Participant: 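Below is the structure I would like to discuss, written out as structure tokens.
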Amino acid sequence: MSQAANSTARWYKGLTLNPRNPFDVHVYYTHTPQYKQASMELREKMLARWPGFWYGGPYDDPIGPHPTPMWSLNFKDNSKDPQKDWTEMTEFLQANNPAGLSILVHPNTGDEVADHTTNSVWFGPKVSLFLRPLGGQGRSEGLTELP
């Protein structure tokens with residue numbers, strides 16, 4: 001990575017971000033129709049705003065560290081300015097979560113446990129993640145069951 005790219009990659013908490021996929025967003029929901037609907041409505045708004053990013057799921061069963069249904073968005077390969085995208089994304093999530101969904105936004109630095117815990121930002125209730133799939137032990141702090 002060039003020195004300019006490396007300095008650009010260090011703006012978030014002084015961390016070196018993966019230049020191909022600096023951040024992931026995970027939007028959790030329950031099987032309750034209202035939460036899943038709110039989650040899918042948020043996804044549609046995000047697809048309209050960030051059509052070039054990669055969207056995964058929805059996953060109606062636990063997957064990896066995620067103990068509850070969710071879908072994801074990766075900044076993968078389409079974030080020309082991660083700092084600008086991060087700012088716009090977090091402002092958007094703050095303004096567009098009236099249902100109080102649990103939303104995890106985390107960097108990708110190569111330290112999976114820290115990225116999903118201490119380096120992450122939550123909107124809405126924090127979910128307790130399974131740390132073993134990330135190379136850790138036990139669960140992170142947070143709710144073990146969503147409403």
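It should be emphasised that the depicted structure is a prediction, and the values quoted were computed from it without experimental measurement.
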Participant: Give the minimum heavy-atom separation between Leu104 and His106, together with the two atoms involved.
Facilitator: CD2-CD2, 4.0 Å
Participant: Which heavy atom of Arg43 sits nearest to which heavy atom of Pro58, and what is that distance?
Facilitator: NH1-N, 4.0 Å
Participant: So, taking the atom named CE in Met89 and the one named CZ in Arg49, what distance separates them when rounded to the nearest 0.5 Å?
Facilitator: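 Rounded to the nearest 0.5 Å, the CE-CZ separation comes out at 8.5 Å.
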Participant: Which atom names give the shortest non-hydrogen contact between Met46 and Leu73, and what distance separates them?
Facilitator: CE-CD1, 3.8 Å
Participant: Where do Val113 and Gly135 come nearest, in terms of heavy atoms and distance?
Facilitator: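 That closest heavy-atom pairing would be CG2-C, 4.1 Å.
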Participant: Fit a plane to each ring of Phe23 and Phe75, take the angle between them on a 0 to 90° scale, and name the class: parallel (under 30°), tilted (30 to 60°) or perpendicular (over 60°).
Facilitator: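 Tilted: the ring planes of Phe23 and Phe75 meet at 30° to 60°.
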Participant: Among the clusters formed by ILVMFWY side chains lying less than 4.5 Å apart, do Leu15 and Val25 turn up in the same one?
Facilitator: yes
Participant: What are the two closest heavy atoms between Asp85 and Trp50, and how far apart are they?
Facilitator: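 Taking every non-hydrogen atom into account, OD1-NE1, 4.4 Å.
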Participant: Out of curiosity, Leu129 CG to Leu134 CG, how far, rounded to the nearest 0.5 Å?
Facilitator: 7.5 Å
Participant: Could you go through Tyr29 and Asp60, starting from their C-alpha distance and side-chain angles, then the distance that decides it, and tell me whether this counts as side chain to side chain contact (heavy atoms under 4.5 Å, CB included)?
Facilitator: CA-CA 9 Å; Tyr29 57 89; Asp60 287 333; 2.5 Å; yes
Participant: Walk me through it: do Glu41 and Gln37 pass the test side chain to side chain contact (heavy atoms under 4.5 Å, CB included)?
Facilitator: CA-CA 6 Å; Glu41 288 171 1; Gln37 180 178 343; 2.9 Å; yes
Participant: What distance separates His66 NE2 from His116 NE2, expressed to the nearest 0.5 Å?
Facilitator: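 One gets 4.5 Å once the value is rounded to the nearest 0.5 Å.
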Participant: Rounded to the nearest 0.5 Å, what separation is found between the CG atom of Asn74 and the CZ atom of Arg20?
Facilitator: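 Reported value, rounded in 0.5 Å steps: 11.0 Å.
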Participant: How are the rings of Trp122 and Tyr28 set relative to one another: parallel (under 30°), tilted (30 to 60°) or perpendicular (over 60°)?
Facilitator: parallel
Participant: Could you measure the distance from the NZ atom of Lys76 to the CG atom of Asn18? Nearest 0.5 Å is fine.
Facilitator: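 Taking NZ in Lys76 and CG in Asn18, the distance rounds to 9.0 Å.
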Participant: Can you list the steps and then say if Asp24 with Ser72 is a side chain to side chain contact (heavy atoms under 4.5 Å, CB included)?
Facilitator: CA-CA 7 Å; Asp24 291 344; Ser72 62; 5.9 Å; no
Participant: Under 3.5 Å, is there a donor-acceptor pair between the side chain of Asn96 and the main chain of Phe92?
Facilitator: yes
Participant: If only atom types and distance count, is the side chain of Ser120 paired as donor or acceptor with the main-chain N or O of Val105 below 3.5 Å?
Facilitator: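 No, the answer is negative, given that no donor and acceptor are paired below the 3.5 Å cut-off.
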Participant: Check whether any side-chain N or O of Asp115 sits under 3.5 Å from a backbone N or O of Thr109 as a donor-acceptor pair, and report yes or no.
Facilitator: yes
Participant: Short question: side chain of Trp86, backbone of Pro107 - any donor-acceptor pair under 3.5 Å?
Facilitator: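 No, the answer is negative, given that no donor and acceptor are paired below the 3.5 Å cut-off.
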Participant: Indicate the atoms forming the closest heavy-atom contact of Ser102 with Pro125, along with that distance.
Facilitator: OG-O, 2.5 Å
Participant: How long is the gap from CZ on Phe123 to CG on Leu93, to the nearest 0.5 Å?
Facilitator: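 Separation between the atoms: 5.5 Å.
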Participant: Quick check on the hydrophobic clustering: are Val121 and Trp71 connected, directly or via other members, by side-chain heavy-atom contacts under 4.5 Å?
Facilitator: yes
Participant: Is there a donor-acceptor contact under 3.5 Å from the side chain of Asn108 to the main chain of Asn21?
Facilitator: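 Looks like yes, one N/O pair under 3.5 Å.
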Participant: For the CD atom on Gln34, are there more than 12 heavy atoms of other groups (residues, nucleotides or ligands in this structure) within a distance under 6.0 Å?
Facilitator: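 Buried by this count: over 12 neighbours within 6.0 Å.
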